[in-house]
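Here the structure is laid out as structure tokens; the discussion comes afterwards.
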Amino acid sequence: MARGARGRLRGTSLRAVLAPAAALALLLATAGCGDSGGGGAADGKGLEKATITVGTMPVADTAPLQLAIAKGFFKAEGLTVRTTTLQGGAESVGRLRAGALDISFGNYVSYFLAHANKALDVRIVADAFALAPKTHAVLVRKDSPVKSLKDLEGKKIGVNTKRNISSLLVRKAAEAEGVAFDEDADFAEVDMPNMETALKSGSVDAVQAAEPFVSAIEESGTGRVVADLGRPPTAGFPIAGYATTARFAERNKKTVEAFQRAMARAQKQAADRSTVVRTLPDYTRITPDQAAQLHLGGYPVALDPARLRRVVDLMREFGYLRRTLDVEPLLVRTGP
């Protein structure tokens, strides 16, 4: 969608807001480590652990988590949630494995890879975010002659992490245009906050960005979208969820159920776009005017194995997994 149709972002530019995102993440991080075992004194609700540490990121995907905290949904369940801000899915896996987090937000590709490689015995406790138009997109410089993914053959595409959700989505979308990108030759790792700079410098020919960075790059006049990954063949694709370890899920069943009930309430409320728009400025540096212009994805309420099999199928198709992975045993569906 053109900038004129989308409307200009007002107030302070998103570029200025997002440039220090890495530093912001560190400033937002809270202290406190979650004990990956149970054993805490039960509270009035009978929870095994009344205070938990949850990994999060300052992105639109996690708006329901912030909403559940702000509206007291966790408190109503007898649960106190402390958050720790993360940089990405790999950090989520590492901190869950170390016991520094009890539950964490992260992308499904990272979690399924970690489980398949026996790096972490993963259990998914709640869905978080699904693709919608313009929430994830491939952008090129505004003056680039590139018009489609096919035009990017032999060129370099910046992604947040190789062999993960970013490159997987690009490869699937390119396949529909008859293009087969190579994971090593065609992709370069670029932190999301640095993608606009990478485009400007010419160190990459394109980037795969997610909101709010898609809007920031367009608003600044640096780049334009050549492929909207929220459209077929990856429309509605499951992006991220909340995970824990099998050990924590087994030892803290009531605590996990309380978390699930609170998140289900928040995910339902996030179906109202205005609720998410109002929540975003509370935990990011995005202004209310900027939040109103962002493209938002879906916030699924319940875990659906059929949906998550799409992730596994795509990972298998592009060689991320050597053998199939049964997602059903990984889902903790004892909540709502």
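Any value given below was found using the heavy atoms of this structure, including those in side chains, with hydrogens, waters and symmetry copies removed. Sequential numbering from 1 along the given sequence is applied to the chain's residues. None of these values were measured; they are calculated from a predicted model.
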Report task. Output, in order, the C-alpha distance, side-chain angles, deciding distance and verdict of side-chain hydrogen bond (donor to acceptor under 3.5 Å, both in side chains) for N164 and S110. Result -> CA-CA 7 Å; N164 217 301; S110 288; 3.0 Å; yes
Requested in this report: Start with the C-alpha distance between S92 and Y111, add both sets of side-chain angles, then the distance that settles side-chain hydrogen bond (donor to acceptor under 3.5 Å, both in side chains), and finish with yes or no.
Outcome: CA-CA 9 Å; S92 171; Y111 288 142; 2.7 Å; yes
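- In the hydrophobic clustering of ILVMFWY residues, with side-chain heavy atoms under 4.5 Å counting as a link, L169 and Y108 come out together.
- L86 is listed as a side-chain neighbour of S104, based on a closest heavy-atom distance under 4.5 Å.
- Under a hydrophobic clustering in which Ile, Leu, Val, Met, Phe, Trp and Tyr are joined whenever their side-chain heavy atoms come within less than 4.5 Å, directly or via other members, L67 and L294 fall into different clusters.
- Two residues are said to be in side-chain contact when any heavy atoms from C-beta on lie closer than 4.5 Å; E218 and L139 meet this criterion.
- Residues L152 and F181 have side chains in contact (heavy-atom distance under 4.5 Å, counting atoms from C-beta outward).
- Nearest heavy-atom pair, V179 versus E153, reported as atom, atom and distance to 0.1 Å: CG1-CG, 3.5 Å.
- Looking at heavy atoms from C-beta onward, D151 lies out of side-chain contact with P145 at the 4.5 angstrom threshold.
- In this structure, K253 pairs ionically with E250, as a charged nitrogen and a carboxylate oxygen lie closer than 4.0 Å.
- Interatomic distance, NZ of K142 versus CG of L199, reported as 13.5 Å (0.5 Å rounding).
- The salt bridge (charged side-chain N to carboxylate O under 4.0 Å, His left out) check on R309 picks up E328, with sequence neighbours excluded.
- Taking the side chain as every heavy atom from C-beta outward, V138 and L149 approach each other to under 4.5 Å.
- By the 4.0 Å N-to-carboxylate-O rule, R171 lies too far from D186 to be salt-bridged with it.
- Of the N and O atoms on the side chains of S215 and E211, at least one donor lies less than 3.5 Å from an acceptor on the other residue.
- When each of F129, Y299, Y242 is checked for a side-chain contact (heavy atoms from CB on, under 4.5 Å) with P64, only Y299 meets the rule.
- Residues R224 and S144 meet the side-chain proximity criterion, which asks for heavy atoms closer than 4.5 Å.
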Query - Stepwise side-chain hydrogen bond (donor to acceptor under 3.5 Å, both in side chains) test for T222 and E196 - result: CA-CA 7 Å; T222 298; E196 183 176 345; 2.9 Å; yes
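- In this structure, K49 NZ and L79 CG are separated by 10.5 Å, a value rounded to the nearest 0.5 Å.
- Of the possible polar contacts, one joining the D228 side chain to the K134 backbone as a donor-acceptor pair under 3.5 Å is found.
- Note that NZ of K172 is 9.5 Å distant from CZ of R310, once rounded to the nearest 0.5 Å.
- The side-chain heavy atoms of F318 and E175, taken from C-beta on, include a pair separated by under 4.5 Å.
- In this structure, the side chains of L229 and V170 come closer than 4.5 Å at one or more pairs of heavy atoms.
- For the pair D313 and R316, the salt-bridge criterion is not met [side-chain N within less than 4.0 Å of a carboxylate O].
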Query raised in the report: Run the side chain to side chain contact (heavy atoms under 4.5 Å, CB included) check on F112 and V312 step by step: do they pass?
Result: CA-CA 8 Å; F112 292 161; V312 172; 3.9 Å; yes
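- Atoms CZ and OG1, on F237 and T135 in that order, are 12.0 Å from each other to the nearest 0.5 Å.
- Residue K268 places its NZ atom among 12 or fewer non-hydrogen atoms of other residues, nucleotides or ligands, all under 6.0 Å distant.
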Report task. Give the intermediate values and the outcome of side chain to side chain contact (heavy atoms under 4.5 Å, CB included) for residues V146 and V140. Result -> CA-CA 7 Å; V146 171; V140 297; 4.0 Å; yes
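- Sorted by first and then second residue, the ring pair (Phe, Tyr, Trp, His ring centres under 6.0 Å) pairs with a member in residues 56-81 read F74-F259; sequence neighbours excluded.
- The main-chain N or O of V125 is found under 3.5 Å from a side-chain atom of Q260 such that the two form a donor-acceptor pair.
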Query raised in the report: Step by step, would you call L296 with R273 a side chain to side chain contact (heavy atoms under 4.5 Å, CB included)?
Result: CA-CA 8 Å; L296 300 178; R273 176 187 169 86; 3.5 Å; yes
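- Donor-acceptor pairing under 3.5 Å is lacking for the side chains of Q208 and S167.
- Separation of atoms CG (D127) and CG (L303) is listed at 6.0 Å; rounding is to 0.5 Å.
- Separation of atoms NZ (K75) and OG1 (T80) is listed at 8.5 Å; rounding is to 0.5 Å.
- Comment: K254 does not engage E48 in a salt bridge, judged by the lack of any side-chain N to carboxylate O separation of less than 4.0 angstrom.
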